[in-house]
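Everything quoted here is computed from the prediction, not taken from an experiment.
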Amino acid sequence: MRKRGVADLMLLLVAFTWGVTFVVVQEAIKQLPPLAFNAVRFTIASFCLLIVILLFYRKQTGKISRNMMGSGIVLGIWLFGGYAFQTVGLQYTTSGKAGFITGLSVALVPLFAYFILREKPGWGAIFGAVSALFGLYTLTVGDMTNINIGDFYVLLCALCFGMQIVYTGKYAPHYPTLSLSFVQLSTVAVLSAALSPWIEPDGALAYDTSVLLQPSVFWALLITAIPATVLSFVAQTEFQKFTVPSHVALIFATEPVFAALADVWFLGTVMTIKTIVGCLFILAGMIIAELPMFSDKVRTRKTAKLSPHRLQERRKE
């Protein structure tokens, strides 16, 4: 029981770290374009994860195969889409809204699994998805003056993370966790670095040390690359074995709550009643979709955000 309590506490710390990064990233991309930021972030994360693997999980390097590389690249493409849309969206919407809209991926995963993998969702997944979608409507469309392009980008982010979670459930059981994650992170880094110069006029700032060393950018890169990616993913890998999947899912459902609280605390964002109601419906949908009483044999597990949810790196094993 003591190990389980410690595991739950550590996983809650992971969710807290993921939630706070929304505010941190939102401040950093005022100085560094989104894709350029992700290129540097995931390059650092990939390098650090490689060091962790070589020092503590060297046996995993002997299990690298062509199939694992291919699977990791597929997951990395979806992960890239998730983080790209999320980071771009944070330029236009609040951290709190972004956190909850991103959380839609958890409730929508069973529906994606049905259409892609032909896995029939349980009633909990259906009710959870309906609740989450109603929350999204209340959060955005329910107030036409509250809609912005950032909300749409973050919705695309949630769809990409949902796809990444579904395919992770398909591929992850067959390959070493951290090695597969290294391929995913590296794919995100390469795609971000390759596309940034073509899409972002200021993409070259990723190589400008005067920009990278600005406090808001420097600390954001360190926090998102190391604690929020590498250390969180290793902690998830190590501590999840001491608790049950339902606990993990419910703990990770607190990520958008922490994002909203950080938004209010650090940026002074005022949340309207309509915003709070929408967030609560999304949170309820996430929880309902993962409660043990509603679970079924085909429920897809949440993974790293890488962020996961997402490292999900989720989100998100």
Side-chain angles (χ1 to χ4, degrees), residues 11-30 34 37-38 41 82-108 132 135-136 138-140 146 148 150-162 165 216 219-220 223-225 227-229 231-233 236 248-272 274-287 290 302 304-316:
L11 292 173
L12 184 64
L13 182 59
V14 170
F16 170 79
T17 304
W18 286 341
V20 171
T21 57
F22 281 91
V23 172
V24 173
V25 171
Q26 190 169 44
E27 291 299 297
I29 58 178
K30 294 178 181 178
F37 177 86
N38 284 341
R41 169 188 177 176
Y83 278 108
F85 285 125
Q86 183 186 78
T87 311
V88 172
L90 282 170
Q91 291 182 305
Y92 308 102
T93 190
T94 66
S95 300
K97 285 175 67 177
F100 278 97
I101 295 174
T102 300
L104 280 170
S105 61
V106 177
L108 295 179
L136 177 64
T138 305
L139 195 64
T140 55
N146 202 29
N148 60 61
D151 297 331
F152 175 71
Y153 283 136
V154 180
L155 178 59
L156 293 179
C157 147
L159 296 178
C160 288
F161 278 145
I165 292 172
S216 61
W219 288 111
I223 291 171
T224 56
T229 299
L231 294 183
S232 291
F233 191 81
Q236 182 185 359
V248 177
L250 293 177
I251 288 171
F252 284 163
T254 63
E255 178 189 345
V257 177
F258 288 129
L261 293 177
D263 194 19
V264 173
W265 181 266
F266 293 108
L267 302 182
T269 302
V270 178
M271 299 184 71
T272 65
K274 190 178 292 291
T275 300
I276 293 174
V277 171
C279 291
L280 289 176
F281 270 102
I282 292 176
L283 181 62
M286 296 167 63
I287 294 175
E290 297 292 350
K302 183 175 180 175
K305 267 184 83 210
L306 315 78
S307 288
H309 347 128
R310 310 130 349 101
L311 202 255
Q312 249 155 351
E313 237 102 294
R314 26 291 273 303
R315 238 34 294 17
K316 341 229 112 324

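Contact check for Gln91 versus Pro34: side-chain heavy atoms found under the 4.5 Å cut-off. At a threshold of 4.5 Å between non-hydrogen side-chain atoms, the residues Val24 and Trp219 do not count as touching. By the 4.5 Å heavy-atom criterion applied to side chains, Gln86 and Val25 are not counted as neighbours.
Taking Thr93 as the reference, Asp151 meet the side chain to side chain donor-acceptor pair (under 3.5 Å) condition, with sequence neighbours excluded. In this structure Phe16 satisfies the ring pair (Phe, Tyr, Trp, His ring centres under 6.0 Å) test together with Phe258, sequence neighbours excluded. Remark: Thr94 pairs with no residue by the side chain to side chain donor-acceptor pair (under 3.5 Å) rule, at least two apart or across chains.
Relative orientation of the Tyr153 and Phe85 rings is parallel, given thresholds of 30° and 60° on the angle between their planes.
With respect to Cys157, the side-chain contact (heavy atoms from CB on, under 4.5 Å) criterion is satisfied by exactly one of Thr102, Thr87, Ile101: Thr102.
Shortest non-hydrogen contact noted between Ala259 and Gly99 is CB-CA, 4.1 Å. Annotation for Asn148 and Gly150: closest pair OD1-N, 2.8 Å, computed over non-hydrogen atoms. Closest heavy-atom contact between Ser95 and Leu90: CA-CD2, 4.1 Å. Between Asn38 and Tyr83, the shortest heavy-atom distance links the atoms ND2-O, 3.4 Å.
Once rounded to the nearest 0.5 Å, the distance linking CG of Leu156 with CZ of Phe161 reads 12.0 Å. Interatomic distance, Gln26 CD to Asp263 CG, rounded to the nearest 0.5 Å: 6.5 Å.
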